[in-house]
Every structure is written in C-alpha cells, then in structure tokens.
There are 2 protein chains.
Amino acid sequence: MTRRKQAVTRRKSRIIDEMHETVRGLHEIGLIDKRRMSEFEALCHLDVEEMTPRKIKSLREKTHLSQAVFAAVLNTSVSSVQKWEIGDKKPSGPSLKLLNLIERKGIEAVL
Amino acid sequence: MTRRKQAVTRRKSRIIDEMHETVRGLHEIGLIDKRRMSEFEALCHLDVEEMTPRKIKSLREKTHLSQAVFAAVLNTSVSSVQKWEIGDKKPSGPSLKLLNLIERKGIEAVL
DNA sequence: TAAAATATATCACTTAGTGCAATAGTTTGC
DNA sequence: GCAAACTATTGCACTAAGTGATATATTTTA
C-alpha cells in the first residue's frame with residue numbers, strides 16, 4: 001500500500017516537474033502573466049491525503065511529542081488530537097493540511 | 001504598529017535564542033533527554049497571533065491568489081475564506097496556524 | 001512502590017465549516 | 001464599448017468538528 005502510493009506520488013511529481021518547467025517557460029516568454037504563474041505554483045502541490053487514526057498517532061510519535069505539545073503546535077486542543085487518534089473525529093481541512101505538511105516536511109516546517 | 005511589533009518579536013527571539021543554547025547545552029551534558037529537548041523545540045515558536053478580517057484579506061492579496069486558490073492551498077472551502085475576510089466567521093485554531101505560517105514564512109512554506 | 005506525566009474515554013455544548021444559489025463587481029478579449 | 005468569464009459578496013440552513021471538563025486507565029520516572 002505504502003509502496004504503491006509512493007510510486008504514484010513519484011510519477012506524479014515527475015509530470016508536475018515537467019509541467020512546471022513548461023509553464024515557467026511560458027511565463028518568461030510572456031504568454032502568461034505573473035498572477036497566473038502564482039496560481040499555477042500554488043495549485044501544484046495541493047493534494048492532501050487522508051490519514052487514518054493510526055497514521056496520525058504514529059506521525060505524532062515520530063516527532064516525540066506528547067499529545068499536549070503536538071496539539072499546541074497545531075494550535076488545536078488536546079481533546080481534538082485525542083479524537084483524531086482514536087477515530088472519534090476526523091481532522092478538518094486545515095488540520096489535515098498541517099498533518100500533511102508535518103508528514104512531508106517534518107515538524108520544523110510548521111514551527 | 002508594525003514597527004513596534006517587529007521590535008517585540010526581535011527582542012523575544014533573542015531571549016529564545018539564548019534559552020535555546022542553554023537547553024541545548026543541558027542536553028549535551030545529558031541533563032535533559034532527547035524527548036524533553038524535542039518538546040522544548042516545539043514549544044519555542046508557538047505563539048499564534050489573531051488576525052482581523054482585513055489582515056487576512058491583505059495577506060491573501062499579497063500572495064496574488066484568488067479566494068478559490070487560497071482556499072485550496074489551506075485545504076478549506078471558498079466559503080470559509082470569504083467569511084474570514086468579511087468577519088462573519090473567525091478562522092479556527094489550525095486555520096489560524098496556517099495563516100500565521102504564511103505570514104511569517106511565505107506561501108511556499110505551506111505548499 | 002509511590003508519584004507524576006500521558007493517554008483514553010464520555011458528555012454536553014458551541015461554533016466553524018460547508019454547499020448552494022443569487023447578486024454584484026471586476027477583468028479580459030473581441 | 002460590449003459581452004463573456006472570472007471573482008467576490010451575501011444569506012440561509014445544516015453538519016460535524018472543536019472544545020472543556022472530568023474521571024479513569026496506562027505508562028514513565030524517581
């Protein structure tokens with residue numbers, strides 16, 4: 001499962017990288033303005049993956065942070081983190097975004 | 001206003017920097033374990049500032065992104081971004097965290 | 001073993017988040 | 001200039017995440 005997803009991700013970013021160069025070229029030629037360029041950049045890495053309770057918990061444990069501190073980092077409540085890990089509630093959009101950031105870039109990325 | 005805040009921030013980080021060195025030293029001596037060290041690191045930069053509707057809007061405009069794309073970046077709905085900017089709703093904890101990250105580190109930090 | 005820190009669990013409540021639809025304003029291209 | 005496309009504003013109704021408090025395991029540390 002993990003392997004398959006990584007493969008997909010890798011293939012996707014290769015394609016995105018090429019698109020990126022292409023669009024950047026179009027921008028330099030003047031075919032698309034700076035604004036469109038910005039929007040393109042932003043839309044590049046927007047895929048946010050769902051996370052199971054177990055995954056959230058293991059993600060936190062990888063950072064060696066208690067639920068309390070982890071919650072503080074995400075600017076949410078301990079109660080929320082607990083419920084995510086148990087599966088009682090699912091993290092909201094922005095919460096999921098933060099969890100993805102931590103997973104992809106490490107905890108420092110959100111400090 | 002901006003100037004005053006920058007000053008405060010600067011003074012604060014100087015203190016934090018010293019604390020950081022101190023704690024790192026304690027860690028190297030072996031007085032605190034790696035886990036405590038992690039928690040300390042995490043707790044360093046946890047102050048999240050409130051944002052007025054106008055500030056949110058100007059923050060988005062600085063990134064040259066439409067409400068729709070900005071919402072996508074934060075993994076939230078257009079409706080939510082609109083209400084933040086109007087003042088109808090206030091961004092939740094994790095949302096506010098993301099907005100702060102963008103303000104401090106730029107939009108790339110959350111991509 | 002005792003004490004302290006962490007984590008789990010439940011309950012009741014609040015409010016942010018969401019989707020839709022209708023309108024108004026702004027750019028863009030012909 | 002006009003029309004089309006995009007963007008933003010507003011209101012409404014509903015859902016579910018978020019929260020706080022509290023009590024109870026569980027684990028860690030002294």
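Everything quoted here is computed from the prediction, not taken from an experiment.
- At whole-Å resolution of the value, CG in B/Asn75 and P in C/dG17 are 12 Å apart.
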N/O contacts under 3.5 Å, protein versus nucleotides 14-18 of chain D?
unit_1: D/dA17; atom_1: O5'; unit_2: A/Lys90; atom_2: O; d: 3.4
unit_1: D/dG18; atom_1: OP1; unit_2: A/Ser92; atom_2: N; d: 3.3
unit_1: D/dG18; atom_1: OP1; unit_2: A/Ser92; atom_2: OG; d: 3.0
unit_1: D/dG18; atom_1: OP1; unit_2: A/Ser95; atom_2: OG; d: 3.0
unit_1: D/dG18; atom_1: OP2; unit_2: A/Trp84; atom_2: NE1; d: 2.8
unit_1: D/dG18; atom_1: N7; unit_2: A/Lys89; atom_2: NZ; d: 3.0
unit_1: D/dG18; atom_1: O6; unit_2: A/Lys89; atom_2: NZ; d: 3.3

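- With values rounded to the nearest 0.5 angstrom, A/Phe70 atom CZ is found 5.0 Å from A/Leu59 atom CG.
- Taking atom CG of residue B/Leu96 and atom P of nucleotide D/dT19, one finds them 11 Å apart after rounding to whole Å.
- Residue B/Arg60 has a polar side-chain atom (N or O) positioned under 4.0 Å from OP1 or OP2 of D/dA8.
- When rounded to the nearest whole Å, the span between CD of A/Gln67 and P of D/dT27 equals 13 Å.
- Closest of all the heavy-atom pairs between B/Pro53 and B/Gly87 is CG-CA, 3.5 Å.
- Sorted by first then second residue, the salt bridge (charged side-chain N to carboxylate O under 4.0 Å, His left out) pairs that include residues 71-84 of chain A, not counting sequence neighbours, number zero.
- Distance CD1 (B/Ile56) to P (C/dA16): 12 Å, rounded to an integer number of Å.
- If you check C/dA7, C/dT18, D/dG20 against the side chain of B/Ser79, the one that comes closest is C/dT18.
- Proximity of A/Leu96 to A/Trp84: side-chain heavy atoms (C-beta onward) are nowhere separated by under 4.5 Å.
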Could you list all N or O pairs between the protein and nucleotides 22-26 of chain C that sit under 3.5 Å apart?
none

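- Looking at residues two or more places apart in sequence or on another chain, you find a side chain to side chain contact (heavy atoms under 4.5 Å, CB included) between A/Lys105 and A/Leu101, A/Ala109.
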(Q) I'd like to know whether B/Met51 forms a side-chain contact (heavy atoms from CB on, under 4.5 Å) with B/Asn100, so could you lay out the CA-CA distance, the side-chain angles of the two residues, the decisive distance to 0.1 Å, and finally the verdict. (A) CA-CA 9 Å; B/Met51 300 185 80; B/Asn100 271 257; 4.2 Å; yes
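- Listed by chain and number, the residues in a side-chain hydrogen bond (donor to acceptor under 3.5 Å, both in side chains) with A/Glu103 are A/Lys55 (sequence neighbours excluded).
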Review item, side-chain donor-acceptor pairs of residues 74-81 of chain B, under 3.5 Å, at least two apart:
unit_1: B/Asn75; atom_1: ND2; unit_2: A/Gly93; atom_2: O; d: 2.9
unit_1: B/Ser77; atom_1: OG; unit_2: B/Ser80; atom_2: N; d: 3.2
unit_1: B/Ser77; atom_1: OG; unit_2: B/Ser80; atom_2: OG; d: 3.0

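- Atoms NZ (B/Lys97) and P (C/dA16) sit 20 Å apart, rounded to a whole Å.
- When the C1' atom of C/dA16 is taken as reference, atom CD of B/Glu50 falls 14 Å away, rounded to whole Å.
- A/Lys57 places a side-chain heavy atom less than 4.5 Å from the side chain of A/Arg60.
- Atom CD1 of B/Ile86 and atom C1' of C/dG17 are 14 Å apart (whole Å).
- For the pair A/Phe70 CZ and C/dA7 C1', the interatomic distance rounds to 15 Å; values are reported in whole Å.
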